[in-house]
Asker: 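For reference, the structure I am asking about is given below.
Chain identifiers are assigned alphabetically (A, B, ...) following the order of the sequence lines, protein sequences preceding nucleic acid strands; residue numbering begins at 1 within each chain.
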Amino acid sequence: MLHEMSIGGMLFSPFVVLVPLAFILSAATRLATHYLGLRRFIWREAWFDVAVFVCYLAAIVYLFGD
Amino acid sequence: MGKLARIGVTLLVVVAAVFAGTWVWDHYLYSPWTRDGRIRADVITIAPDVSGYVAELSVQNNKIVDKGAPLFSIDKTRYRAKLAESEARLAQERTAWELARHQYERRKRMSDRQTISEEDLEAYRIRAELAKASYQLALAELNTARIDLERASVLAPESGIVNNLTLREGNYVTRGTPVLSLIKRDSFYVIGYFEETKLQMVREGQKARITLLSGGEKLTGEVVSIARGIADSNTTSDSQMLPQVQAAFNWVRLAQRIPVEIALDPLPENINISAGMTVSIYLETDRDKE
């Protein structure tokens, strides 16, 4: 999706869609790990969450990026 | 689970994120793509080869014409009259040549009997030559008049679509002044303006994916050539022939864009494209194929 998004005649970067998508996925992962009690295996939670977000973003760009 | 394993899991994810983030960064900043592309076509500008009033207009705006089909014709009255005049002139010159030749032939026989001077005979010979040259000149003029009459009907040099037709019957058209344009059929191609920072990744023969501004189906194509020059604004000079050097920032610079020509593969059906449309272009790199 290197192609721009047209919303009401205004053009936006595809990141406008891809970034919230990755954010939702990482929030879901955070919730899941929390309820499954997996968070005790994590050393630095903030680092982990940011890293997971970036991985998701890359995966989404790879899959829907064009 | 030991502390070492906890640290290991987190660091593993972080390292993966660093690689993934680098890939996303490269993908957006250093892969050869541009949003600045245009569809172009071969445009033939049609200018009449003779002047005159448009007597008949045979084409409609935005409609296809075949190669050799008449586009419009110019009032032929003047060119027919010119042709008749040239024919008459030719007949006159032929007769004059015959007369001069006859006179020369006769005096040639007289010279055998020593009744005409050498000089007179030579003058008659030259006069006959002159009449012959005049005849050939009239013949050439007749040919020109014939070409003019023929070219009063303007034919389509290629199959194509008549574009922006403002010509009407009765308009006066002047020789050599374009009056309509013809977009050659199936001659669409794409020019992509790639930033100079990405130009090293562009190769001839590279596959291209082209998206219209309206989105939808992607077109495909292939890089044909890369422009080998764009204008440098620093080379213009003022009235004193001094170069006009543009001021520039040291660190903030805009990458200039280089035109790259892309040939389109056969178009999918039900797709309307017009020359001048905006497209985004993504070129496939070797990395994509892996």
Side-chain angles (χ1 to χ4, degrees), chain A, chain B residues 1-37 190 192 194-195 198 201 207-220 277-285 287-290:
Chain A
M1 212 190 288
L2 281 169
H3 186 240
E4 60 278 339
M5 305 257 320
S6 174
I7 301 173
M10 286 215 287
L11 299 175
F12 294 94
S13 162
F15 256 37
V16 170
V17 175
L18 301 186
V19 169
L21 211 61
F23 186 78
I24 289 167
L25 280 175
S26 48
T29 310
R30 190 185 155 89
L31 276 177
T33 49
H34 182 73
Y35 282 112
L36 293 173
L38 297 172
R39 280 195 95 68
R40 60 199 163 83
F41 296 122
I42 296 163
W43 175 49
R44 290 273 193 274
E45 294 200 16
W47 289 19
F48 181 81
D49 289 338
V50 171
V52 164
F53 171 76
V54 172
C55 288
Y56 276 136
L57 187 64
I60 288 170
V61 167
Y62 183 76
L63 290 176
F64 307 112
D66 47 49
Chain B
M1 201 170 185
K3 189 174 178 175
L4 218 60
R6 283 171 60 209
I7 294 174
V9 169
T10 308
L11 282 185
L12 204 69
V13 176
V14 169
V15 167
V18 167
F19 278 107
T22 313
W23 178 81
V24 171
W25 182 264
D26 286 353
H27 185 60
Y28 273 84
L29 263 89
Y30 303 114
S31 61
W33 67 283
T34 179
R35 283 159 33 86
D36 189 12
V190 172
F194 284 85
E195 286 162 40
K198 294 178 175 174
M201 285 169 279
K207 296 281 175 216
R209 276 172 290 170
I210 298 145
T211 321
L212 300 174
L213 197 60
S214 57
E217 207 168 342
K218 280 188 167 61
L219 311 177
T220 53
M277 275 167 102
T278 317
V279 291
S280 298
I281 301 161
Y282 182 82
L283 298 181
E284 281 171 18
T285 48
R287 254 190 321 193
D288 292 340
K289 284 176 200 148
E290 284 164 11

Asker: Applying a criterion of heavy atom separation less than 4.5 Å, what residues of residues 45-58 of chain A form contacts with chain B?
Answerer: W47(A), F48(A), A51(A), V52(A), V54(A), C55(A), A58(A)
Asker: Closest heavy-atom contact between R6(B) and W43(A)?
Answerer: O-CB, 3.6 Å
Asker: So does L4(B) have more than 12 non-hydrogen atoms from other groups sitting under 6.0 Å from CG?
Answerer: no
Asker: Residue by residue, which of residues 23-32 of chain A have a heavy atom closer than 4.5 Å to a heavy atom belonging to chain B?
Answerer: none
Asker: Please identify, among V15(B), L11(B), V24(B), V13(B), the residue contributing the most non-hydrogen atom pairs under 4.5 Å to chain A.
Answerer: V13(B)
